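Everything on this sheet refers to the single structure shown next.
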Amino acid sequence: MESLPTVYEVNTTVDNDVRAEYLDWLQQRHIGMLLAIEGFETATVHEVESDGSTADRTTFSIVYHLTSRAALQSYIDIHAPVLRAESIEKFGAKLSAQRRILKVLSTHVKSMPSSQA
């Protein structure tokens with residue numbers, strides 16, 4: 001398995017009647033638990049402004065950056081079943097999730113003009 005950086009994208013759609021509770025749980029508990037797992041480096045929470053959000057439901061995209069695909073596989077094998085079960089127990093059918101794994105090929109950073117460097 002390659003040791004290239006890996007991005008794990010989790011797209012969740014939640015009923016708006018539990019939106020605030022979900023965001024609180026996500027940001028105060030769930031993400032912290034994942035960041036405590038070896039290989040997880042950062043997490044960014046996005047609210048999706050199109051494709052899935054409706055008057056009754058909101059879609060979020062949570063993007064985790066990991067050190068490697070092996071670190072993600074370890075999470076999937078060891079930790080994911082328990083953490084996923086917790087979200088199902090807490091939110092049931094009011095929450096749905098889709099996941100994608102992205103292999104980082106390159107990163108580009110805007111360079112500063114030489115007069116500002």
Side-chain angles (χ1 to χ4, degrees):
M1 197 169 297
E2 296 181 55
S3 63
L4 295 171
T6 299
V7 174
Y8 182 49
E9 177 187 86
V10 181
N11 295 300
T12 60
T13 302
V14 63
D15 289 2
N16 286 339
D17 64 331
V18 296
R19 181 186 189 280
E21 179 185 3
Y22 168 73
L23 273 176
D24 183 60
W25 170 83
L26 176 69
Q27 295 178 67
Q28 301 303 317
R29 177 173 170 76
H30 188 73
I31 288 174
M33 292 176 76
L34 269 76
L35 291 177
I37 296 169
E38 185 175 346
F40 279 80
E41 295 186 317
T42 64
T44 308
V45 178
H46 308 268
E47 183 170 340
V48 178
E49 293 186 344
S50 62
D51 297 334
S53 294
T54 66
D56 299 328
R57 303 194 89 202
T58 301
T59 299
F60 298 96
S61 181
I62 305 91
V63 179
Y64 299 96
H65 288 259
L66 291 95
T67 56
S68 66
R69 179 66 171 86
L72 177 60
Q73 192 60 52
S74 177
Y75 159 74
I76 291 168
D77 293 343
I78 298 168
H79 303 281
V82 172
L83 293 172
R84 290 176 185 174
E86 179 185 350
S87 67
I88 292 168
E89 181 180 324
K90 186 159 188 66
F91 299 103
K94 292 180 177 280
L95 173 69
S96 61
Q98 297 175 336
R99 298 162 183 88
R100 294 192 316 171
I101 300 168
L102 308 170
K103 179 171 63 173
V104 176
L105 298 178
S106 63
T107 301
H108 304 266
V109 178
K110 181 178 178 179
S111 59
M112 299 290 288
S114 58
S115 62
Q116 294 180 355

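In what follows, residues are counted from 1 in the order of the sequence shown. Since this is a predicted model, take the numbers as computed values, not measurements.
- Within a 6.0 Å sphere centred on CD of Gln98, other residues, nucleotides and ligands contribute 12 heavy atoms or fewer.
- For the side-chain hydrogen bond (donor to acceptor under 3.5 Å, both in side chains) test, no residue two or more places apart in sequence or in another chain qualifies with Asp24.
- Atoms CD and CD1, from Gln73 and Ile101 in turn, are 7.0 Å apart once rounded to the nearest 0.5 Å.
- Taking hydrophobic clusters as Ile, Leu, Val, Met, Phe, Trp and Tyr residues chained together by side-chain heavy-atom distances below 4.5 Å, Leu95 shares a cluster with Tyr8.
- If you take NZ on Lys90 and CD on Glu21, they are separated by 4.5 Å, rounding to the nearest 0.5 Å.
- Residue Val14 is grouped with residue Val45 when hydrophobic side chains (ILVMFWY) are merged at heavy-atom distances under 4.5 angstrom, including chains of intermediate members.
- The residues Arg19 and Glu47 are annotated as salt-bridged, a charged nitrogen and a carboxylate oxygen being separated by less than 4.0 angstrom.
- Residues His108 and Ser106 bring a donor and an acceptor atom of their side chains to less than 3.5 Å of each other.
- No continuous path of ILVMFWY side-chain contacts below 4.5 Å connects Ile76 to Ile88, so the two sit in separate hydrophobic clusters.
- The CD atom of Glu41 sits 9.0 Å away from atom OG of Ser68, with the distance rounded to the nearest 0.5 Å.
- In terms of the salt bridge (Lys or Arg N to Asp or Glu O under 4.0 Å) criterion, Arg99 has no residue partners (sequence neighbours excluded).
- In this structure the side chain of Asp56 never reaches within 4.5 angstrom of the side chain of Asp15, judged on heavy atoms.
- Minimum interatomic distance between Ile31 and Ala43 (heavy atoms only, all atoms of both residues): CG2-CB, 3.6 Å.
- Looking only at side-chain heavy atoms (C-beta outward), Ser96 and Arg57 come within less than 4.5 Å of each other.
- Residues Leu66 and Val63 do not share a hydrophobic cluster, defined by chaining ILVMFWY side chains whose heavy atoms lie under 4.5 Å apart.
- Under the 4.5 Å side-chain contact rule for hydrophobic residues, Ile62 and Leu102 do not share a cluster.
- Here the shortest heavy-atom pairing between Gly39 and Ala71 reads CA-CB, 3.8 Å.
- The line from CG of Asn16 to OG1 of Thr58 is 3.5 Å long, rounded to the nearest 0.5 Å.
- Ring centroid separation for the pair Phe60 and Tyr22 comes in under the 6.0 Å cut-off.
- Here the CG-CG distance, from Leu34 to Leu83, works out to 5.5 Å after rounding to the nearest 0.5 Å.
- Counting heavy atoms from C-beta outward, Leu72 and Tyr64 have side chains that stay 4.5 Å or more apart.
- Partners of Glu9 according to the side-chain hydrogen bond (donor to acceptor under 3.5 Å, both in side chains) rule, which considers only residues two or more places apart in sequence or in another chain, are Asn11, Arg100.
- Note that the OG1 atom of Thr6 and the OH atom of Tyr75 stand 14.0 Å from one another [nearest 0.5 Å].
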